[in-house]
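What you see is a predicted model, and the numbers here were worked out from it, not measured in a lab.
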Number of protein chains: 2
Amino acid sequence: MREHVTPERRRGTVRDLRRDNRSVLLWSLYFDQPCTRQELSRATGLSPASVSNVVRELIEEGVVAEAGAVDSDGGRPRVLLRMNSDYGYVIGVDVGETRVRVELFDLAMNERARADFPLDPREHGVTTIVERILEGLSAVLSDADVDASSVLGVGIGVPGVVEQGDEVLVHGQTYGWEGVPLERLLRAGTDLPLHIDNGANTMGRAEMWFGAGQGAQHAVVCLIGSGVGASIIAHGRTHRGSTSSAGEWGHTTIVVGGRGCRCGSAGCLEAYVGAEAVLDRYGRIPGQDEESALAALLDAATRGQEEAAHVLDETALYLGVGLADLINLFNPERIILGGWAGLLLGERLLPAIRDAARRNSLKHAFSETSIELGRLGPEAVALGAATLPIELFLNGAPLSVTDRHRSAG
Amino acid sequence: MREHVTPERRRGTVRDLRRDNRSVLLWSLYFDQPCTRQELSRATGLSPASVSNVVRELIEEGVVAEAGAVDSDGGRPRVLLRMNSDYGYVIGVDVGETRVRVELFDLAMNERARADFPLDPREHGVTTIVERILEGLSAVLSDADVDASSVLGVGIGVPGVVEQGDEVLVHGQTYGWEGVPLERLLRAGTDLPLHIDNGANTMGRAEMWFGAGQGAQHAVVCLIGSGVGASIIAHGRTHRGSTSSAGEWGHTTIVVGGRGCRCGSAGCLEAYVGAEAVLDRYGRIPGQDEESALAALLDAATRGQEEAAHVLDETALYLGVGLADLINLFNPERIILGGWAGLLLGERLLPAIRDAARRNSLKHAFSETSIELGRLGPEAVALGAATLPIELFLNGAPLSVTDRHRSAG
DNA sequence: AGGGCTTAATTAATGACGTGATTTAACCTC
DNA sequence: GAGGTTAAATCACGTCATTAATTAAGCCCT
């Protein structure tokens with residue numbers, strides 16, 4: 001009925017209380033920089049005295065720094081506080097279908113270095129990927145002149161289902177991966193704390209933290225690329241389900257007995273609105289580059305070509321139906337359309353999609369949902385992955401590696 | 001990003017810590033009665049000393065009582081603890097399509113009194129319902145000889161969407177209710193704390209607390225009656241979404257351009273697997289009693305009547321598809337089939353339903369989900385509603401009415 | 001029967017924490 | 001530069017959970 005009480009991370013002692021308060025303070029400051037102690041007090045509900053105490057601690061640790069003061073009109077000026085963005089760094093990795101990208105950010109999520117490795121489409125072997133990632137890690141560290149000991153963690157977004165557990169396993173349909181122990185394999189080449197998650201989820205995180213999802217508590221971020229996925233956010237947190245494979249929106253059935261899908265089933269949403277499926281329904285020659293083919297399709301429709309327009313109209317309908325299902329089931333306050341194909345299609349079809357969603361969902365829920373395009377582009381997978389260690393840090397996780405950093409530095 | 005810090009109910013002071021620990025202890029004891037202080041200490045992670053202290057407090061308040069001891073083998077015997085089931089009472093109300101039922105329970109959820117009011121199918125006026133509920137409240141109180149001041153609260157399960165907010169509004173499609181301020185209307189006739197929720201949700205709660213959902217963290221309880229609904233449980237808590245209309249599984253589209261649905265859309269799940277729809281597809285004469293008609297259909301299929309068997313086969317397929325969607329999206333560890341029609345159909349079709357769900361969902365997620373029948377029957381709506389005030393109580397809610405009870409009693 | 005043993009529960013001592021009240025700091029205006 | 005004003009730090013206090021020590025309440029064996 002209740003989440004099991006984890007013995008390692010109890011909340012029940014006075015010390016846990018402090019950790020929680022510290023965490024609340026950090027979250028508040030992180031998303032509202034710079035701000036004053038007073039504002040923090042109001043925002044968190046903690047007394048000014050406690051804010052003072054905790055902030056002093058944070059400043060001593062170097063996590064927070066003072067940053068000037070606001071002008072006063074007759075009293076002691078309020079001191080502005082900000083995160084010390086050089087306190088630590090995080091790395092985000094985007095393991096995509098066509099490349100591996102590694103980016104290093106500071107605490108404020110400014111990009112400090114990047115490494116890109118194009119992938120041969122036929123070369124999705126685990127060993128290759130692992131090599132590229134490790135190569136990327138050391139590349140960004142040396143490029144940004146950052147010591148590994150000051151890296152809070154590495155977030156990795158991969159395509160496919162990520163089974164969290166004692167041993168993190170990746171089931172990548174697209175890659176032909178089945179139960180790949182990615183963490184263990186990487187562990188051989190690095191000591192950095194690793195956080196592996198589905199790419200749709202990491203991208204969703206990016207939109208929630210810095211993009212179209214800001215401020216929303218309940219949202220769904222839909223990823224439409226060659227295939228279709230989604231990240232479900234409930235109460236501000238990614239819903240992973242019992243074995244962290246939630247969000248497989250693309251294989252939701254919208255037409256019983258419909259078009260065959262690469263998952264083996266039929267009538268899946270992905271068999272209608274994924275880029276591959278859209279192009280397929282249009283009758284293009286397979287093998288061509290999908291991105292330019294879809295652009296060409298959109299172009300043809302704009303020029304009045306009837307069949308193209310028809311395919312797009314249908315796509316808007318199917319997509320709208322898919323969104324309507326999400327609205328009915330989750331009642332999110334926001335739905336965000338992302339992924340390269342989603343953005344391309346959405347730009348043109350958003351009104352039609354909205355209308356289809358309206359027609360296929362219940363009035364009350366629909367009226368409380370806004371459907372918007374993502375604001376960060378497909379690049380956001382790595383950014384979102386990098387927020388994984390940031391989240392742990394803000395929650396006051398015991399800093400394993402950073403510990404060393406502190407005592408060593 | 002984070003749930004907003006509610007100023008009224010802060011968690012940040014040492015006192016809140018005690019309230020939380022007390023709550024953790026109560027939950028543990030409630031679902032594992034009777035048990036000893038030691039067991040509580042192990043289960044909650046609190047030190048034996050703290051358990052002792054809090055338990056002493058609870059015993060002084062009369063919430064908890066000692067109940068004998070376990071035999072020892074050479075030491076002081078452990079004292080057994082249990083909730084004092086007469087400390088307070090709760091009332092559950094089931095506002096159904098054919099009747100209003102009011103039940104009074106003690107803290108341990110033993111039924112102490114019940115009142116039933118059949119409803120004329122044409123008489124779903126708000127005034128009538130309100131009258132019946134109020135009548136039921138005083139009836140069960142006097143029948144069980146319980147004073148209103150010792151009632152912790154009243155949970156009410158209604159058909160239709162319940163919009164929680166400053167003013168609770170009920171949108172009942174079936175009743176033709178639109179934005180009915182049920183709480184305010186009842187408030188005129190009673191001072192008891194009221195908790196209004198969708199009947200599917202309250203029934204889901206009952207299964208989670210006492211039925212087939214016990215122990216699950218992520219589950220979906222599917223309600224199939226004349227129509228179709230669901231209650232989504234994530235992390236052990238009902239997912240309500242941003243305006244508490246989540247769980248409208250019945251109006252999820254499974255066939256784009258399919259059968260018309262009473263919601264105005266087409267191809268909804270409800271248009272295929274709700275009792276009304278199943279009977280419709282079978283071609284029965286409308287107006288007949290649904291429960292017996294469905295029983296007759298099942299009977300006919302058993303006797304080998306081909307058309308009946310065909311309709312049922314199709315139903316299993318559609319239902320399986322609907323379940324597969326839930327599995328793909330939520331990755332629950334358990335799916336529970338309830339509602340009078342769900343139980344009737346499930347009894348016969350469960351293997352076929354499971355198979356259809358398997359064929360239409362992703363392997364990994366399906367393999368981790370069990371699909372079971374509800375264990376409590378359709379009677380559970382009131383029981384689940386009554387758990388609403390229980391939950392608040394276990395969470396250590398400030399007892400508004402009970403306050404009076406304490407100081408007066 | 002009663003001493004010794006074993007285990008449960010309570011109590012005492014300690015340290016950590018948040019809060020409100022008080023004091024100090026920092027700046028403005030006249 | 002004095003008086004006023006607001007921010008931040010400090011202090012005194014009460015609360016809490018924890019560990020360690022103590023007391024309670026049974027066994028078992030002679």
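Between the base of dA7(D) and the side chain of Arg76(A) there is a donor-acceptor pair shorter than 3.5 Å.
Atoms CZ (Arg18(A)) and P (dA17(D)) sit 17 Å apart, rounded to a whole Å. Rounded to whole Å, the distance from CG on Leu46(A) to C1' on dG20(C) is 14 Å. One can place CZ of Arg19(A) at 14 Å from C1' of dA16(C), the figure rounded to the nearest angstrom. Atom pair Arg37(B):CZ and dA25(D):C1' shows a separation of 13 Å (rounding to whole Å applied). What separates CD of Glu66(B) from C1' of dA25(D) is a distance of 13 Å, to the nearest Å. Spacing between atom CG of Asp20(B) and atom P of dT15(D) amounts to 18 Å, rounded to whole angstrom units. Atom P of nucleotide dT10(C) and atom CG of Leu40(B) are separated by 12 Å, given to the nearest angstrom. Here dA9(C) presents its P atom at 10 Å from CD1 of Ile59(B), a figure rounded to the nearest Å.
For Ala49(B), the side-chain atoms get nearest to dT19(D) when compared with the rest of dC17(C), dA7(D), dT19(D). With dA25(D), dT10(D), dA9(C) as the choices, the nucleotide that has an atom nearest any side-chain atom of Pro77(B) turns out to be dA25(D). Here the nucleotide nearest the side chain of Ser47(B), chosen from dT19(C), dT19(D), dA9(C), is dT19(D). Relative to the side chain of Arg15(B), the nucleotides dT15(D), dA8(C), dA8(D) differ in distance, and dT15(D) lies closest. Nearest nucleotide to the side chain of Ser52(B), out of dA9(D), dT19(C), dT10(C): dT10(C). Relative to the side chain of Val14(A), the nucleotides dT19(C), dT10(C), dG15(C) differ in distance, and dG15(C) lies closest.
Map Gly74(A) and Asn53(A) each onto its nearest nucleotide of DNA chain D; the residue landing nearer the 5' end is Gly74(A). In terms of position along DNA chain C, the nucleotide closest to Val51(A) lies nearer the 5' end than the nucleotide closest to the other residue of the pair Gly75(A) and Val51(A).
Listed pair Thr13(A) / dT18(D) fails the phosphate criterion, with no side-chain N or O lying under 4.0 Å from OP1 or OP2.
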Salt bridge (charged side-chain N to carboxylate O under 4.0 Å, His left out) evaluation trace for Arg78(A) with Glu39(A): CA-CA 10 Å; Arg78(A) 287 176 286 252; Glu39(A) 284 164 347; 5.9 Å; no
Full working for salt bridge (charged side-chain N to carboxylate O under 4.0 Å, His left out) between Glu57(B) and Arg18(B): CA-CA 11 Å; Glu57(B) 221 175 88; Arg18(B) 164 74 89 157; 3.6 Å; yes
Test log, rule ring-ring contact (aromatic ring centres under 6.0 Å, His included), inputs Tyr30(A) and Phe393(A): CA-CA 11 Å; Tyr30(A) 191 84; Phe393(A) 171 70; 8.5 Å; no
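As judged by a 4.0 angstrom heavy-atom cut-off over every strand, Val79(A) is placed among residues touching the sugar-phosphate backbone only.
Here the side chain of Asp16(B) pairs a donor or acceptor atom with the backbone of Gly12(B) at under 3.5 angstrom.
Considering CG of Leu392(B) and CG of Leu152(B), their distance stands at 9.5 Å, rounded to 0.5 Å.
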